[in-house]
Amino acid sequence: MDATEIGLWGVPLAMLGGAIRVSTPFIFVSLGEAITERSGRINLGLEGTLVFGAMTAYAVAVITGSPWLGLIAAAFAGLCFGLFHGWICKFPKVNDIAIGIALMLFGSGLAFFFGKPFIQPSAPDLPAIPFGGWSDIPQVQAALNVNVLFLIGAALAVFLWWAFRNTRAGLIVRVVGDSSDAARAMGLNPNTVRLLATGIGGALAGIGGAYLSLYYPGSWTEGISSGQGLMAVALVIFARWNPLGCFAAALLFGGAGALGPALQSVGVTQGYYLFYAAPYVLTLLIMIATSSPSRSLAGAPGELSITK
């Protein structure tokens, strides 16, 4: 491949690599929110969970020298946030959305407070697998340098898609999300199921935060999430609560987020920064396209407040 061909393929290759890198936190947060919403609960606090998970992972990795311990700590922090959200929301007349917003601000505030000492220190990165090692072209190697969390997220999406259809646990989550009365008739406790689902969703959001601080962009700053936790909620609606749809939509969002850097990488120096807004514009368009005052969304769990 000569220089001309490399230039021609520069943008697609940069977008491919960027889509893989940018989509990974979206994958984990959206899969976590899909589990939570399939149980009949909305968690808008995942933005705060994502930021706190990023800070926790980075801090633990700096202190211990192990990115994997940082990842585990982030998942545990996210689990605690999710369980706290689920515990509060079980009480009568408590609004899921209001609590989620409060926890979003609470989690972000805690992360900013405890994360001040870790802005300067450097933490070890999570490993990546060089699938482009067969090529001598740097652009191909960079595009196919895939972090292990992306592969885990892809496998998790397939597993959840299968589990919702073929396992007892998946059936329980779906029944609770569709009808609390039917769940009680089956001897299930909807509050307990939703508590566990919200906790798992929070743990996955924490893992998404760990990816941000320990791989891409690979540092801890207070503006690290850029609203990705909130955008993931729109992504779940767009994907119709389907884990495979969440994975595909995350790649779409990731590709949109990679457009600006891809143009910059091939020498576009004017106007490329406008494309950094592409994920936010896409989120807005998706919310408009999926909104209707006269009909509920196809596939929406019946107990979600957005369908009532």
Side-chain angles (χ1 to χ4, degrees), residues 17-33 45-85 103-131 141-142 144-156 199-229 231-232 250 254 257-258 261:
I20 293 174
R21 289 190 295 271
V22 177
S23 67
T24 302
F26 281 119
I27 291 172
F28 281 95
V29 180
S30 64
L31 289 177
E33 180 64 6
L46 292 180
E47 175 73 9
T49 304
L50 186 76
V51 176
F52 192 79
M55 186 281 299
T56 301
Y58 199 80
V60 172
V62 168
I63 293 171
T64 65
S66 170
W68 294 110
L69 288 178
L71 179 70
I72 294 171
F76 180 75
L79 175 66
C80 292
F81 268 81
L83 291 175
F84 185 54
H85 182 278
L103 288 179
M104 175 181 67
L105 299 174
F106 179 66
S108 299
L110 280 181
F112 299 162
F113 179 77
F114 289 110
K116 291 290 185 183
F118 299 99
I119 293 178
Q120 293 298 328
S122 178
D125 293 336
L126 289 166
I129 301 175
F131 287 109
Q141 294 176 358
L144 298 181
N145 197 41
V146 181
N147 185 268
V148 292
L149 285 186
F150 176 81
L151 303 176
I152 294 173
L156 181 62
I200 293 172
L204 292 179
I207 292 174
Y211 174 88
L212 288 175
S213 61
L214 296 179
Y215 187 74
Y216 184 80
S219 62
W220 160 244
T221 62
E222 294 181 353
I224 193 170
S225 72
S226 302
Q228 292 184 40
M231 286 191 286

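A pairwise comparison of heavy atoms in Pro124 and Leu214 identifies O-CD2, 3.7 Å as the closest pair. Counting all heavy atoms, side chain and backbone alike, Gly206 lies closest to Thr49 at N-CG2, 4.1 Å. Pairing each heavy atom of Gly208 with each of Pro25, the nearest pair is O-CB, 3.7 Å. The shortest non-hydrogen separation linking Ala54 to Ile224 is CB-CG2, 4.2 Å. Counting all heavy atoms, side chain and backbone alike, Phe26 lies closest to Met231 at CZ-CE, 3.7 Å. Nearest approach of Asp125 to Pro67, heavy atoms of both residues: O-CG, 3.5 Å.
Atom-to-atom distance recorded for Leu79:CG and Ile207:CD1 is 10.0 Å, nearest 0.5 angstrom. To the nearest 0.5 Å, the span separating CD1 on Ile27 from CD1 on Ile152 amounts to 11.0 Å. Annotation: the span from Leu31 atom CG to Leu204 atom CG amounts to 7.0 Å, rounded to 0.5 Å. The CZ atom of Phe118 sits 9.5 Å away from atom OG1 of Thr56, with the distance rounded to the nearest 0.5 Å.
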- Trace of the side chain to side chain contact (heavy atoms under 4.5 Å, CB included) decision for Leu50 with Phe28: CA-CA 10 Å; Leu50 186 76; Phe28 281 95; over 6 Å; no
- List the steps and the verdict of side chain to side chain contact (heavy atoms under 4.5 Å, CB included) for Leu46 and Glu33. CA-CA 8 Å; Leu46 292 180; Glu33 180 64 6; 3.2 Å; yes
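Ring pair Phe81/Phe52: centre-to-centre distance below 6.0 Å.
Residues Ile20 and Phe131 form no side-chain contact, since every pair of their non-hydrogen atoms from C-beta on lies 4.5 Å or further apart. Considering only heavy atoms from C-beta on, Trp220 stays 4.5 Å or farther from Lys116 through its side chain. Using a 4.5 Å heavy-atom threshold, the side chains of Ile72 and Phe76 count as separate. Side-chain contact check for Pro217 versus Leu212: some heavy-atom pair is nearer than 4.5 Å. Taking the side chain as every heavy atom from C-beta outward, Tyr215 and Leu149 never approach each other to under 4.5 Å.
A donor atom on one side chain and an acceptor atom on the other are found under 3.5 Å apart for Glu47 and Ser225.
Panel note: side chain Asn147, backbone Ile129; no donor-acceptor pair is recorded below 3.5 Å. Between the side chain of Tyr211 and the main chain of Leu71, no donor-acceptor pair closer than 3.5 Å is present.
Atom CZ of Phe84 is surrounded by 12 or fewer heavy atoms from other residues, nucleotides or ligands within 6.0 Å.
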